[in-house]
Amino acid sequence: MKFKILSGDGNARTGLLTTNRGKIKTPAFMPIATSGAIKGGVSSEDMRGLKSEIILANTYHLHLRPGEKIIKKGGGISSFMGWDGPVLTDSGGFQVFSLSSIRKITEEGVHFQSHLDGSKIFLGPEESMKIQHELGADIIMAFDECPPSTAGKDKIALAVQRTSAWAKKSIQTHTALCKKGKESPALFGIVQGGAHLDLREESLAEIVKLPFDGFALGGLAVGESEKEMYETIRAIAPKMPEEKPRYLMGVGTPENILEAVENGIDMFDCVLPTRNGRHGKAFSSIGDFNIFAEKYATDFSPLDPNCECPVCKKYSRAYLRHLHKSGEMLGMRLLTIHNLHFYLDLMRKMREAIEKGEFQKLKKRVMKGRTRKG
RNA sequence: GGGCGGAUAGCCAAGUGGUCAACGGCGACAGACUGUAAAUCUGUUCCCUUACGGGUUCGGGGGUUCGAGUCCCUCUCCGCCCA
């Protein structure tokens with residue numbers, strides 16, 4: 001993997017990430033295909049149509065079903081799902097935090113139960129690296145521990161320590177799995193520490209020591225206030241290695257992303273465009289809104305008057321509302337496509353603005369438009 | 001003409017003397033969702049009130065009772081059966 005910075009505007013920058021399966025212009029948004037599918041019935045062709053350059057899949061989910069062996073036989077996750085473009089796999093570390101059936105966390109990893117059948121699962125840095133190598137993604141993530149914001153500082157400090165130890169093990173296992181001459185995935189390390197800047201600094205120092213190909217900020221948007229999240233991003237993002245891609249995991253709203261790009265983040269992923277698409281919330285340049293609302297019953301205008309997506313070119317709010325109220329899966333599909341287009345288009349606009357040195361101008365314009373109400 | 005059974009909030013439907021403004025489901029109206037256990041979850045849904053609380057309800061009318069959606073009489077309508 002190669003990463004080249006192309007232009008800058010303040011701390012914001014554009015770049016080109018070259019992976020085994022293709023190039024990614026940064027700042028980039030990575031739509032989430034947890035189980036090897038963008039939820040909402042969005043296909044790989046749809047994703048190409050939306051000009052997404054990379055998607056994200058999850059180690060834990062794919063490990064449980066169908067299993068990495070099958071995916072490897074299928075040519076790796078990218079080919080298996082007919083995408084053929086770059087894929088980043090998350091390590092499964094987030095599930096440590098999000099699944100309620102954790103039984104025990106040890107130095108070696110996490111014992112927990114499958115959400116599918118309750119069977120006992122063990123996942124640690126070594127297991128995660130092995131699985132991710134079999135899945136065959138272009139970028140893989142170190143196995144980390146992501147505590148919720150409600151955890152006490154001592155718990156978060158412990159998570160920082162564990163994340164550092166697991167980072168070392170992730171690197172070791174990954175290095176051993178990389179065969180000479182064979183195209184290997186890039187491995188990113190993850191910084192933890194919650195909203196505690198001292199812990200963040202400590203975590204950053206530890207992780208940056210290791211030869212990762214990129215660095216991620218994890219453990220944000222996990223319950224802390226937006227103010228705390230912004231303070232953390234502002235303090236830490238600019239200190240992450242400049243020549244390596246910086247990835248803010250799981251974040252966030254369009255406003256969050258604007259803020260993070262301003263502070264030098266290059267990569268993002270978030271479930272909001274897809275999940276909200278399924279739940280009826282539309283992102284829009286003139287303010288987000290709930291398509292279920294009664295006032296859209298007779299609104300025959302497009303979701304977003306400034307949108308060039310295939311959904312806005314053809315379908316009305318009234319029709320989308322009808323589909324959602326009727327539980328038609330087309331409603332979810334169309335709204336998800338629109339939302340993904342909104343995110344990907346916002347990234348495009350940010351890259352153009354950074355190149356022109358007009359990032360602040362764009363940020364102000366976008367924020368202003370969105371404070372209106374759909 | 002006779003015999004049963006039924007009528008509960010927008011719809012379906014619990015409820016058989018007090019803890020019933022009335023279970024539950026649907027529908028409707030809102031809200032939430034940030035490295036996806038999520039096509040999910042939460043709230044409201046007789047009237048007035050931000051709330052506390054108050055008012056009027058269970059086909060109509062009349063009765064029994066301290067007290068009735070629940071028991072009795074009667075009327076109306078619906079369903080089934082016998083003529």
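Note on naming: letters A, B, ... go to the chains in the order of the sequence lines (proteins, then strands), and numbering restarts at 1 for each one.
- Straight-line distance from the CE atom of A:Met267 to the P atom of B:rG35: 15 Å, rounded to whole Å.
- Ring geometry for A:Phe283 against A:Phe342 counts as parallel: the plane angle stays under 30°, on a 0 to 90° scale with 60° as the upper cut.
- Comparing the C1' positions of B:rG25 and B:rA51 gives an interatomic distance of 30 Å, to the nearest angstrom.
- Taking only side-chain nitrogens and oxygens, A:Ser98 never comes nearer than 4.0 Å to OP1 or OP2 of B:rU36.
- An OP1 or OP2 oxygen of B:rA37 is reached within less than 4.0 angstrom by a side-chain nitrogen or oxygen of A:Gln95.
- At a threshold of 4.0 angstrom between heavy atoms, the contacts of A:His324 with the nucleic acid are absent.
- A centroid separation of 6.0 Å or more is found between the aromatic rings of A:His322 and A:Tyr315.
- Taking the P atoms as reference points, B:rG3 lies 23 Å from B:rG59, given to the whole Å.
- Pairing of B:rU57, defined by two Watson-Crick or G-U wobble distances under 3.5 Å, is not identified with any nucleotide.
- Between the CG atom of A:Asn339 and the P atom of B:rU34 there is a distance of 15 Å, given to the nearest Å.
- Comparing B:rU76 with B:rU40, their P atoms are spaced 49 Å from each other, to the whole Å.
- Residue-level contact check: A:Glu224 touches neither bases nor backbone, having no heavy atom under 4.0 Å from any strand.
- Across all strands shown, B:rU16 forms no Watson-Crick or G-U wobble pair with both distances under 3.5 Å.
- For A:His279 and B:rC33, the NE2 to C1' distance is 7 Å, given to the nearest whole Å.
- As a whole-Å value, the separation of A:Arg278 CZ from B:rA37 C1' is 12 Å.
- Between the CG atom of A:Asn276 and the P atom of B:rA39 there is a distance of 12 Å, rounded to whole Å.
- The side chain of A:Arg321 contributes an N or O atom lying less than 4.0 Å from OP1 or OP2 of B:rC29.
- The separation of B:rU70 from B:rG63, taken at their C1' atoms, amounts to 15 Å, rounded to a whole angstrom.
- Remark: the A:Ser35 side chain and the B:rU36 base include no donor-acceptor N/O pair separated by less than 3.5 Å.
- Among the protein residues, A:Ala293 comes within range of the sugar-phosphate backbone only, with heavy atoms under 4.0 Å from sugar or phosphate atoms but none that close to a base.
- Counting any heavy atom pair closer than 4.0 Å across all strands shown, A:Gly331 reaches no nucleic acid atom.
- In this pair, A:His324 and A:Phe292 present their aromatic rings perpendicular. The plane angle is above 60°, beyond the 30 to 60° band.
- With P as the reference atom, B:rA68 and B:rG17 are 14 Å apart, rounded to whole Å.
- Residue whose closest nucleotide on RNA chain B sits further toward the 5' end, between A:Met332 and A:Ala221: A:Ala221.
- Base pairing of B:rG27: its partner is B:rU45, meeting the Watson-Crick or G-U wobble criterion (both donor-acceptor distances under 3.5 Å).
- Across A:Glu355, A:Glu53, A:Glu352, a single residue satisfies salt bridge (Lys or Arg N to Asp or Glu O under 4.0 Å) together with A:Lys25, and that is A:Glu53.
- The aromatic rings of A:Phe212 and A:Phe215 stand perpendicular to each other, their planes meeting at an angle above 60°, with 30° marking the opposite boundary.
- For the C1' atoms, the distance linking B:rA38 with B:rC33 amounts to 9 Å, nearest Å.
- By the rule that hydrophobic residues join a cluster once side-chain heavy atoms approach within less than 4.5 Å of another member, A:Phe268 and A:Met30 end up as members of separate clusters.
- The CG atom of A:Asn290 sits 12 Å away from the P atom of B:rC33 (whole-angstrom rounding).
- A 3.5 Å limit on both hydrogen-bonding distances identifies no Watson-Crick or G-U partner for B:rA37.
- Residue A:Leu116 is classed as having no contact, given no heavy-atom separation below 4.0 Å to the nucleic acid.
- When the C1' atom of B:rG35 is taken as reference, atom CE of A:Met249 falls 4 Å away, rounded to whole Å.
- Distance noted for atom P between B:rC46 and B:rA22: 10 Å (whole Å).
- Across all strands shown, nothing is found opposite B:rA51 as a Watson-Crick or G-U wobble partner with both distances under 3.5 Å.
- Taking 4.0 Å as the cut-off between side-chain N and carboxylate O, A:Asp84 and A:Arg21 do not count as a salt-bridged pair.
- Taking only side-chain atoms of A:Lys39, from C-beta outward, the nucleotide of B:rC33, B:rC29, B:rU36 with the closest atom is B:rU36.
- At a threshold of 4.0 angstrom between heavy atoms, the contacts of A:Thr274 include nucleobase atoms, whether or not backbone atoms are also involved.
- Side-chain N/O atoms of A:Gln192 and base N/O atoms of B:rG35 include a donor-acceptor pair closer than 3.5 Å.
- In a base pair of the Watson-Crick type (N1 to N3 plus N6-O4 or O6-N4) or a G-U wobble (N1-O2 and O6-N3), with each distance short of 3.5 Å, B:rC80 is matched with B:rG3.
- In this structure, A:His322 atom NE2 and B:rA39 atom P are separated by 21 Å, rounded to whole Å.
- Across the P atoms, B:rG2 and B:rC75 are found 11 Å apart, a figure rounded to whole Å.
- A:Asn58 comes within contact range of the sugar-phosphate backbone alone, with a heavy-atom separation under 4.0 Å but no base atom that close.
- Within the 3.5 Å criterion, the main-chain N or O of A:Glu145 finds a donor-acceptor partner in the side chain of A:Thr163.
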